[in-house]
Amino acid sequence: MEAVFTTQNFETEVLKSAQPVLVDFYADWCGPCKMMAPVIEELAGMYEGRAKVGKLNVDLNEEIAMKYGVMSIPTLLVIKNGQVVGKMVGVQSKEAVMAALNQAL
């Protein structure tokens, strides 16, 4: 099950995480985001224990989205040691997202 990131838990769950983190910036009304949802859910299970995979609703957490310059959704960020090490915008294949995550491991 993918994690749910919010403004309140972002620093603890993402920036201070000992593992690399994949953050899916999405919105409930976004069609392409819905296309990515099953991929994100599957990756959360595949990477459990090695990386954290989760979602952040841009409508509910605007300040985080603004801080990371998220202009289009879905945007996927790979964050390691508090730094963005990978960024993908738009619908991505599972393989492309896995490649970005594997680079951070």
Side-chain angles (χ1 to χ4, degrees):
M1 178 88 185
E2 71 270 12
V4 177
F5 302 129
T6 63
T7 302
Q8 289 74 28
N9 73 8
F10 197 81
E11 186 172 343
T12 309
E13 292 289 318
V14 178
L15 300 180
K16 292 185 176 174
S17 173
Q19 302 172 325
V21 184
L22 175 70
V23 183
D24 173 22
F25 288 82
Y26 80 102
D28 292 330
W29 49 263
C30 164
C33 299
K34 291 178 182 167
M35 291 170 61
M36 285 302 301
V39 173
I40 299 301
E41 197 171 326
E42 186 178 345
L43 291 174
M46 288 173 61
Y47 283 88
E48 193 169 335
R50 295 187 296 147
K52 222 181 264 190
V53 176
K55 303 166 77 94
L56 183 130
N57 186 319
V58 296
D59 290 334
L60 303 176
N61 304 280
E62 289 178 29
E63 61 196 69
I64 300 288
M66 285 172 53
K67 178 180 177 188
Y68 287 94
V70 174
M71 297 295 180
S72 302
I73 51 175
T75 290
L76 305 173
L77 295 183
V78 178
I79 298 177
K80 183 176 182 178
N81 300 324
Q83 301 296 313
V84 175
V85 295
K87 180 176 183 175
M88 294 164 278
V89 179
V91 175
Q92 304 290 322
S93 69
K94 181 172 92 175
E95 292 73 22
V97 180
M98 287 174 63
L101 257 176
N102 289 338
Q103 256 186 329
L105 287 173

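Residue numbers count from 1 along this sequence. This one's a predicted model, so the numbers in the text were calculated from it and none came from an experiment.
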**Request:** State yes or no: do Leu77 and Val97 share one hydrophobic cluster built from I, L, V, M, F, W and Y residues joined by side-chain heavy-atom distances below 4.5 Å, directly or via other members?
**Result:** no

**Asked** Is any side-chain heavy atom of Phe5 closer than 4.5 Å to a side-chain heavy atom of Val21?
**Response** yes

**Prompt:** Considering the options Lys55, Lys87, Met88, which one meets the side-chain contact (heavy atoms from CB on, under 4.5 Å) requirement together with Leu76?
**Reply:** Met88

**Item:** Heavy-atom check, side chain of Val14 versus side chain of Lys52, under 4.5 Å
**Value:** no

**Message:** Please determine whether side-chain contact (heavy atoms from CB on, under 4.5 Å) holds for the pair Leu56 and Tyr26, giving the CA-CA distance in whole Å, both sets of side-chain angles, and the decisive distance to 0.1 Å.
**Reply:** CA-CA 6 Å; Leu56 183 130; Tyr26 80 102; 5.6 Å; no

**Prompt:** What class does the angle between the rings of Phe10 and Tyr68 fall in, given that below 30° is parallel, 30 to 60° is tilted and above 60° is perpendicular?
**Reply:** tilted

**Asked** How many angstroms lie between atom CD of Glu11 and atom OG of Ser17, to the nearest 0.5 angstrom?
**Response** 12.5 Å

**Item:** Between Asn61 and Thr7, a side-chain donor and acceptor under 3.5 Å
**Value:** yes

**Asked** Hey, any chance Ile73 and Val78 share a hydrophobic cluster, counting ILVMFWY side chains that come within less than 4.5 Å of each other, even indirectly?
**Response** no

**Asked** In the single-linkage hydrophobic clustering (I, L, V, M, F, W, Y; side-chain heavy atoms under 4.5 Å), do Leu105 and Val85 co-cluster?
**Response** yes

**Message:** More than 12 heavy atoms of other residues, nucleotides or ligands under 6.0 Å from CE of Met46: yes or no?
**Reply:** yes

**Fill in**
Taken to the nearest 0.5 Å, the spacing of Met66 CE from Met71 CE works out to 8.0 Å

**Message:** Taking atom CD as the centre, does Glu48 end up with more than 12 heavy-atom neighbours from other residues, nucleotides or ligands that are less than 6.0 angstrom away?
**Reply:** no

**Shortest non-hydrogen separation from Arg50 to Pro20 and the atoms involved** = O-CD, 3.7 Å

**Asked** So Tyr47 and Leu22, side-chain contact (heavy atoms from CB on, under 4.5 Å) or not? Walk me through it.
**Response** CA-CA 10 Å; Tyr47 283 88; Leu22 175 70; over 6 Å; no

**Item:** Distance in Å, Leu60 CG paired with Thr6 OG1, rounded so as to fall on 0.5 Å steps
**Value:** 9.5 Å

**Prompt:** Which pairs pass disulfide (SG to SG under 2.5 Å) with one or both residues in residues 29-73, sequence neighbours excluded?
**Reply:** Cys30-Cys33

**Asked** Is it true that Met35 and Val53 fall in one hydrophobic cluster, defined by side-chain heavy atoms closer than 4.5 Å?
**Response** yes

**Prompt:** So if you build clusters from Ile, Leu, Val, Met, Phe, Trp, Tyr with side-chain heavy-atom gaps below 4.5 Å, do Ile64 and Val84 land together?
**Reply:** yes

**Request:** Mind checking the CD1-NZ spacing from Ile79 to Lys16? Nearest 0.5 Å is all I need.
**Result:** 14.5 Å

**Message:** Is any side-chain heavy atom of Thr75 closer than 4.5 Å to one of Val58?
**Reply:** no

**Request:** Hey, could you give me the CG/CD distance between Asp24 and Glu41, rounded to the nearest 0.5 Å?
**Result:** 11.5 Å

**Request:** Supply the atom-to-atom distance Lys80 NZ to Leu15 CG, rounded to the nearest 0.5 angstrom.
**Result:** 15.0 Å

